[in-house]
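Worksheet for the structure shown next.
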Amino acid sequence: MAARNFDMIVIGAGPGGYVAAIRGAQLGQKVAIVEREHLGGICLNWGCIPTKALLRSSEVFHLMHRAKEFGLKAEGIGYDLDAVVKRSRGVAGQLSGGIGHLMKKNKITVVMGEATLPAKGKVSVKTDKGSEELTAKNIVLATGARARELPGLEADGDLVWTYKHALTPPRMPKKLLVIGSGAIGIEFASFYNTLGADTTVVEVMDRILPVEDAEISAFAKKQFAKQGMKIMEKAMVKQLDRGKGKVTAHIEAGGKVETHEFDTVISAVGIVGNVEGLGLEGLGVKIDRTHVVTDEYCRTGADGLYAIGDIAGAPWLAHKASHEGVMVAELIAGGHPHPVKPESIAGCTYCQPQVASVGYTEAKAKELGYTVKVGRFPFIGNGKAIALGEPEGMIKTVFDAKTGELLGAHMVGAEVTELIQGYVVGRQLETTEEDLMNTVFPHPTLSEMMHESVLDAYDRVIHM
C-alpha cells in the first residue's frame with residue numbers, strides 16, 4: 001500500500017496532541033493523528049479528569065458530614081466505592097468520546113496504532129490490520145509520559161498501586177501509604193483519607209508539595225494533619241516487603257529506618273517520558289532523563305520534528321501541552337507565535353484544601369536577585385469564605401519592589417484553582433501592582449482576597 005501524505009502528523013492524542021491537530025486543521029493543514037490507546041490520552045482517560053470526578057465525590061461526602069454546621073440534617077451518610085468509580089469512568093468516557101467528534105468535525109485522519117519514525121518525514125504505524133505508512137514534512141511528538149517506578153517499589157495492582165490502579169481500586173484501603181507528595185500523590189491521599197483510609201504520606205524532600213511556596217506548603221500540611229493525615233518529610237521508603245494482604249514498608253527518616261505496616265501503597269514518585277521505541281536516536285534527537293530536549297518553540301533539532309507536552313519536560317501539565325500544541329501548529333503553518341513561558345503557567349492541586357500558584361515563589365524571586373514586596377490575606381478575613389464555611393486558607397502575592405511587576409501568586413483554600421487564573425491573566429498582560437489595586441473586584445466573592453493580598457504588599461490592606 002502506498003504511503004499516505006499529510007502536511008502534519010501528530011503522534012499521541014492527549015491534550016497537546018489533539019489540540020495541535022485541531023489548530024493545524026483550522027489553519028488549512030492536512031492533518032493525521034496517531035494514537036495507540038485512547039483519544040484524549042492520559043489526561044482525559046486516566047489523569048486530570050477522572051481524578052477530579054473522584055475528588056468531587058469525596059468533597060461532597062466531606063460536606064455531608066458537616067451538614068449540621070449549615071442547619072441541615074443528613075443521617076446514615078456513607079458511600080459506594082464502585083459507584084464513585086463508575087461515575088468517574090463515565091465522565092472520562094464522555095470526554096474521550098468528544099475528542100473523536102472533534103477529529104471528525106475538523107476532518108482529521110485518525111490512525112489507531114503504534115508509531116515509529118523510520119526516517120525523516122516518515123511514520124510507520126502498526127495497526128490491528130497490519131502496517132501503514134504515512135509521510136509529512138512536519139511531525140509532532142506528543143506521546144506523553146507514564147508513572148515512574150522505583151526498583152523494589154514496583155506496582156502490582158494488588159498491594160502496590162500506580163495512579164491507574166488508584167483510579168479503579170480493587171478495594172477501599174484501610175491503612176494507606178502514599179509515596180510522594182506532588183500533585184498526584186496528595187490528590188489521592190486527600191481522596192482516600194476523606195473516605196476514611198488511615199493515610200500516611202512520605203516525601204523525600206524537606207516539605208510536602210515541594211514545588212509550591214514554602215508558606216503554602218506549611219499551611220497545607222497543617223490542614224492535612226487536622227484531617228488525620230500523617231506526613232513524613234525528609235523520609236524515604238527503602239523497601240517494601242509484600243505479604244498476604246499487607247505490605248511492610250521500611251522507611252528511613254532522621255538516619256533511622258523504621259517499619260510500618262499497610263494494606264495498600266500508592267507510588268507517586270514522578271513520571272518518565274514515553275520516548276522508547278520511536279526511533280528518535282536514529283534521527284539525532286537528544287534525550288535527557290527520558291525527556292526530549294527542545295528549544296523554546298518545541299523544535300527538537302531534527303528538521304521538521306517537534307516535541308510537546310510531558311515528553312518535552314516540565315512543567316508536566318495538560319494546559320501547558322495544549323498551548324504548546326497551538327504554538328507548534330501555528331509555527332508549522334507559517335505563523336509567528338510567541339513561545340510558551342513556563343513561569344507564567346499555573347499549577348493546580350485539587351486536594352482539600354486546594355492549592356494553586358503561578359510565577360516565582362518568594363524564595364525563587366529572591367534567589368533570582370529581586371527585591372520583593374510580599375502581600376498576604378487570610379480566608380478568615382473574607383465574608384464569602386466565612387459564608388461558605390471555608391475560613392481556612394491564604395493568598396500570597398510577590399512583587400518586584402522596583403517595578404511593581406507581579407512575580408508570583410500562591411494560594412491555598414477553597415476554589416483557589418479557579419481563582420488563580422486572575423493572576424495568570426495579570427502576568428500575561430504584564431500587570432503591575434497599580435493595575436491590580438485599581439481593579440474593582442465584585443463583592444461578596446473569594447476574589448476580593450486577591451485584591452487585599454495586593455494591597456497588603458503595599459501596606460494598604462483594608463480588612464485585616
Side-chain angles (χ1 to χ4, degrees), residues 1-25 27-42 45 99-100 103 106-146 271-295 297-313 321 324-334:
M1 186 185 294
R4 287 199 281 173
N5 187 51
F6 297 88
D7 299 316
M8 174 173 135
I9 298 171
V10 181
I11 301 175
Y18 78 73
V19 168
I22 291 171
R23 186 64 184 131
L27 293 167
Q29 302 282 297
K30 184 182 178 185
V31 182
I33 191 164
V34 181
E35 171 57 46
R36 69 180 179 183
E37 289 183 272
H38 315 280
L39 293 178
I42 291 296
N45 293 281
I99 303 304
M103 296 299 100
N106 289 279
K107 297 180 174 60
I108 295 163
T109 299
V110 177
V111 182
M112 298 303 294
E114 191 143 358
T116 55
L117 283 72
K120 176 185 171 183
K122 294 184 178 181
V123 177
S124 180
V125 187
K126 186 179 179 182
T127 71
D128 290 342
K129 298 176 181 177
S131 186
E132 184 167 359
E133 307 303 316
L134 313 174
T135 63
K137 185 179 178 182
N138 295 288
I139 297 170
V140 181
L141 298 172
T143 53
R146 62 188 184 277
I271 61 173
V272 293
N274 293 323
V275 295
E276 306 92 343
L278 290 166
L280 300 182
E281 298 82 0
L283 298 173
V285 175
K286 292 181 182 177
I287 297 171
D288 179 24
R289 288 168 291 181
T290 79
H291 297 285
V292 174
V293 177
T294 68
D295 67 6
Y297 288 99
C298 296
R299 294 177 291 214
T300 65
D303 188 35
L305 185 62
Y306 303 80
I308 64 174
D310 289 355
I311 194 179
E324 287 177 338
V326 170
M327 177 190 72
V328 165
E330 293 182 349
L331 202 63
I332 288 170

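Legend: residues meeting side chain to side chain contact (heavy atoms under 4.5 Å, CB included) with His291, ordered by chain and number and at least two apart, are Trp316. Remark: Asp295 engages Arg299 in a salt bridge (charged side-chain N to carboxylate O under 4.0 Å, His left out) (not counting sequence neighbours). Checked against salt bridge (charged side-chain N to carboxylate O under 4.0 Å, His left out), Glu35 has no partners two or more places apart in sequence or in another chain.
For Asp303, the CG atom counts as loosely surrounded, since its 6.0 Å shell holds 12 or fewer non-hydrogen atoms of other residues, nucleotides or ligands.
A distance of 11.0 Å separates CG in Asn106 from CD1 in Ile33, rounded to the nearest 0.5 Å. Here CG of Asp310 is found 10.0 Å from OG1 of Thr290. Values are rounded to the nearest 0.5 Å. Rounding to the nearest 0.5 Å gives a distance of 3.0 Å between CD1 of Ile311 and OG1 of Thr143. In this structure, the separation between NZ on Lys126 and CD on Glu132 is 15.0 Å, given to the nearest 0.5 Å. With rounding to the nearest 0.5 Å, the separation of CG in Asn138 from CG in Leu331 is 8.5 Å. Put simply, CZ on Arg4 and OG1 on Thr135 are 10.5 Å apart, with the number rounded to the nearest 0.5 Å.
Looking at Leu278 and Val285, their side chains never come closer than 4.5 Å, going by heavy atoms from C-beta outward.
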Query raised in the report: Please walk me through it: do Ile108 and Val10 pass side chain to side chain contact (heavy atoms under 4.5 Å, CB included)?
Result: CA-CA 10 Å; Ile108 295 163; Val10 181; over 6 Å; no
Query raised in the report: Between Lys286 and Thr294, is a side chain to side chain contact (heavy atoms under 4.5 Å, CB included) present by the stated rule, with each step listed?
Result: CA-CA 8 Å; Lys286 292 181 182 177; Thr294 68; over 6 Å; no
Query raised in the report: Are Val111 and Ile9 close enough, and set up right, to give a side chain to side chain contact (heavy atoms under 4.5 Å, CB included), and what steps lead you there?
Result: CA-CA 10 Å; Val111 182; Ile9 298 171; over 6 Å; no
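Looking only at distances, no side-chain donor or acceptor of Thr300 sits under 3.5 Å from a matching main-chain atom of Ala307. Formation of a donor-acceptor pair under 3.5 Å by the Lys107 side chain with backbone atoms of Ala25 is not found in this model. The closest donor-acceptor contact from the side chain of Glu114 to the backbone of Arg36 lies at 3.5 Å or more, if one exists at all.
Shortest non-hydrogen contact noted between Ile308 and Ala142 is CG1-CB, 3.8 Å. Glu276 approaches Arg146 most closely through the heavy-atom pair OE2-NH2, 2.7 Å. Between Ala119 and Leu283, the shortest heavy-atom contact is C-CD2, 3.8 Å. Of all heavy-atom pairs between Ala321 and Gly309, the closest is CB-CA, 3.5 Å. Nearest heavy atom pair, residue Pro118 against residue Ser124, reads CD-N, 3.9 Å. Of all non-hydrogen atoms in Tyr18 and Ala13, the two that sit nearest each other are CD2-O, 3.7 Å.
Ion pairing between Arg23 and Glu330 holds under the 4.0 Å rule for side-chain N and carboxylate O.
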